[in-house]
Number of protein chains: 2
Amino acid sequence: MTAVGPAGAADPAGAVGPRRADALRRFSFNQATAQHWPLPEVVAGCVEAGVPGIGLWREPVAAHGLARAAGLVRDAGLAVTSLCRGGFFTADDWRDDNLRAVEEAAALGAPVLVLVSGGLPPGSRDVDDARRRVADAIAELAPHAAAAGVTLAIEPLHPMFCADRCVVSTLGQALDIAERFDPGVVGVVVDAYHVWWDDTVYAQIARAGARIAAFQVCDWVTPLPEGVLLGRALPGDGCIELRRLREAVDAAGYTGPVEVEVFSAEVWARPGREVLDASLAGYLRHVA
Amino acid sequence: MTAVGPAGAADPAGAVGPRRADALRRFSFNQATAQHWPLPEVVAGCVEAGVPGIGLWREPVAAHGLARAAGLVRDAGLAVTSLCRGGFFTADDWRDDNLRAVEEAAALGAPVLVLVSGGLPPGSRDVDDARRRVADAIAELAPHAAAAGVTLAIEPLHPMFCADRCVVSTLGQALDIAERFDPGVVGVVVDAYHVWWDDTVYAQIARAGARIAAFQVCDWVTPLPEGVLLGRALPGDGCIELRRLREAVDAAGYTGPVEVEVFSAEVWARPGREVLDASLAGYLRHVA
């Protein structure tokens, strides 16, 4: 495979030196992409591969110990680009859990806490009410995030998750909420997998501008598996115009990290380092 | 189960007489809901249950013979409310196949031919180009539909089908295409399953007005099955505000049939008459 990165590196896994460092400058590896790779090994693998940033998840961080995890990534010189995730505001315990999530992001030095809003409450058909509850919860959470120096990033999830996971289904909807707040406090996540199908996505990315707090990539393949959660693909293996979306967020003023985040039973079955190398190759060829 | 229909029928399967006829006036049974019920039996079942309308599919009609099928439903006194389906405009043979679909709709007396646009061509990532091809194809097909007295009804499918089945993902997009034509020639389908998640759907229904050529209902349940096609539920068994959507299409001026159309492996495994009765009960209780 010949990578087509800005530095023209021939093989992203083999290229070395300043050109490679430049090509990977914005790359961040979301640890969920190698779901079963233990945190110390992910961190070591990223360092070895010259990856500058990592996206963390609360569960493996908690399993490792928050302070220990923070020290681990700090000592490795890795930037924590985001923490996944807060949200699920339609659950009863949303308040305490989200306050903890903000604290955890701050402790890890993560500038961004990703929020997945939650779906309809059990038995409910009132999607409008669920959406109001999400906006109200974010309003309540925002001062705490501001005090902690953490940006809340509302992530619209693909509409196929509206009922059970996230009633915020489009970038436009996420912006309708985010725009009520200071851009440093509440922003949005642009995740290619969730928004690529939307014929208004490029207009909404332009509208988002400085609200873009995170940009994530993976790819869309069919058939979707049962439950539709674990059917994503590595960048380049599906039908999403990833580079076009990356260029659009750049044109909107976004200069932050590009996180590769893949939920895939097939990818998760592979060794962590192999997944990281494949993520780097896909990023350089199809996104950078 | 106590049905709550406008006529106050206690049991839709048991109620008889003028009140029942009035309650079912707009009900249409899409034959795909009882996928394995042979056409003559569907027709007989509808007549027996006092159902005034039926939605047909091209494959079972062809299997029975077009002229024979047309005679069967006509002799039974059933109105054919729609024919599914034309479209798949990104396939090479779209032209001939859609011209035949228009002729079949006319032969059956179906006022509406439902169009499912088709997904991305194999290997393509260019969703914009696919959408242009859909609009171009409809422009080419429209004069033939007008001559045959058949309304082409563009059906937006849920965005989870964008890649492989239908690049028209929202009612707004469908209207953007339809509005280039005479409302009697090109309209839209409002299918609750495909549009319920959209926070702009009520505004788009109001915009649609006389463009609404068909209204279909079923319900959303999770988890979605592999391939996501056969995971729908009977009206009332899921989380969609079906009555609110029905009232919205009515408020937009729609007075046509309400088709129950359910793709479900579980429903398809049940006897046809049982499925029809459950559809009637769900319609009276949750839609009418």
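Throughout, protein chains are lettered first and strands after them, A, B, ... in sequence-line order, and every chain is numbered starting at 1. Heavy atoms only: backbone and side chains are in, while hydrogens, waters and symmetry mates are out.
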Between A:R58 and A:D97, is the closest basic N to carboxylate O distance under 4.0 Å? yes
What I want to find out is whether B:E179 reaches B:R207 closely enough, with some N-O distance under 4.0 Å, to be called a salt bridge. yes
Does the plane of the ring in A:Y283 sit parallel, tilted or perpendicular to the ring in A:F27? Use 30° and 60° as the thresholds. perpendicular
Residues A:F161, A:L229; criterion side-chain contact (heavy atoms from CB on, under 4.5 Å); working and verdict: CA-CA 9 Å; A:F161 295 114; A:L229 191 61; 3.9 Å; yes
Mutual orientation of the aromatic rings belonging to A:F215 and A:Y254 [parallel < 30°, tilted 30-60°, perpendicular > 60°]: perpendicular
Largest heavy-atom contact set with chain B, pairs under 4.5 Å, which of A:P223, A:G172, A:A163: A:A163
Hey, which of B:T170, B:D199, B:L120, B:V127 has the most heavy atom pairs under 4.5 Å with chain A? B:D199
Go through the atoms of B:W220 and report whether side chain, backbone, both or neither lie under 4.5 Å from a heavy atom of chain A. side chain
Heavy-atom distances under 4.5 Å only: say whether A:P159 touches chain B with side chain, backbone, both or neither. both
So which residue, B:D198, B:V221, B:T200, B:D128, ends up with the most heavy-atom pairs under 4.5 Å with chain A? B:D128
